[in-house]
Amino acid sequence: GAVVSQHPSWVICKSGTSVKIECRSLDFQATTMFWYRQFPKQSLMLMATSNEGSKATYEQGVEKDKFLINHASLTLSTLTVTSAHPEDSSFYICSVWTGVADEQYFGPGTRLTVT
Amino acid sequence: AQKVTQAQTEISVVEKEDVTLDCVYETRDTTYYLFWYKQPPSGELVFLIRRNSFDEQNEISGRYSWNFQKSTSSFNFTITASQVVDSAVYFCALSEFGGTSYGKLTFGQGTILTVHP
């Protein structure tokens, strides 16, 4: 399966600043990656689908201007949380999708804390 | 729209007990995939098992087994002879095969499993 890394693994930022999270597919060229968000003690919710070379598609209720996704290459997708607020504090997890329905590989996650 | 329900919020067992985690799903697709993931305190999701909608054969893989029943839309997961290292949050998930949902996972609420020594 695909090996996926995320950077940073955790980040603390001040309210109003922007934070960029990287998701890298180390051994697979991924045209599609997914971004999920998990609030403390809750389930994972899909935020958006990152498509290489095209615009990301966002799930209902997710602000696309706040969560900027750039999938500039087949191995890298970035999620930028703009003007972060404490309510954006969460665990962000990316996944690489191989294109086959049952093959999705997750990164280790990034824990964001906004103070 | 698809939905996954894990009615058990928390389960506590003593080591070596068997434990079954329940999962009920809803989908309009005839083709879909079901998964179980484990999330230890580190946060990283660990893939456990998957099953597609055309294969209701139940199997055993080591200490893990699952019971997939389309008639009741259930996909239950059993850990035999539980160990302390099995303590984690377990998620059931669904992926539909068709349309715009292809590849996207819908997760259940999760079940916190605590195995006591």
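Naming: A, B, ... by sequence-line order, numbering from 1 per chain. Side chains are part of it too, since the values below use all heavy atoms of this structure and drop only hydrogens, waters and symmetry mates. Because the structure is predicted, anything quoted here is derived from the model rather than measured.
More than 12 heavy atoms of other residues, nucleotides or ligands shown are found within 6.0 angstrom of CD on B/Glu15. Atom NE2 of B/His116 is surrounded by more than 12 heavy atoms from other residues, nucleotides or ligands within 6.0 Å. Within a 6.0 Å sphere centred on NZ of B/Lys70, other residues, nucleotides and ligands contribute more than 12 heavy atoms. Residue B/Ile60 places its CD1 atom among 12 or fewer non-hydrogen atoms of other residues, nucleotides or ligands, all under 6.0 Å distant.
Looking only at side-chain heavy atoms (C-beta outward), B/Tyr33 and A/Gln104 stay at 4.5 Å or farther from each other. A/Ile93 places a side-chain heavy atom less than 4.5 Å from the side chain of B/Gln39.
Neither the backbone nor the side chain of B/Phe47 comes within less than 4.5 Å of any heavy atom of chain A. Proximity to chain B (any heavy atom under 4.5 Å) is shown, for A/Tyr105, by neither the backbone nor the side chain. In this structure, the portion of A/Thr49 lying under 4.5 Å from any heavy atom of chain B is its side chain and not its backbone. No part of A/Gln6 comes within reach of chain B, as not one of its non-hydrogen atoms sits under 4.5 angstrom from that chain.
Of the possible donor and acceptor atoms, none in the side chain of A/Ser43 sits under 3.5 Å from a partner among the backbone N and O of B/Gly110.
Hydrophobic clustering (side-chain heavy atoms under 4.5 Å, transitive across Ile, Leu, Val, Met, Phe, Trp, Tyr) groups B/Val19 together with B/Ile49. With hydrophobic clusters built from ILVMFWY side chains whose heavy atoms lie under 4.5 angstrom apart, B/Phe107 does not share a cluster with B/Tyr25. A single hydrophobic cluster is not seen to contain both B/Ile11 and B/Phe91; linkage of ILVMFWY side chains at heavy-atom distances under 4.5 Å, directly or through other members, places them apart.
Once rounded to the nearest 0.5 Å, the distance linking OH of B/Tyr37 with CZ of A/Phe106 reads 4.5 Å.
B/Lys104 and A/Phe34 get closest at one heavy-atom pair: CG-CE2, 3.7 Å.
Here the options are B/Leu45, B/Leu105, B/Thr106, the test is side chain to side chain contact (heavy atoms under 4.5 Å, CB included), and the partner is A/Leu44; only B/Leu45 passes.
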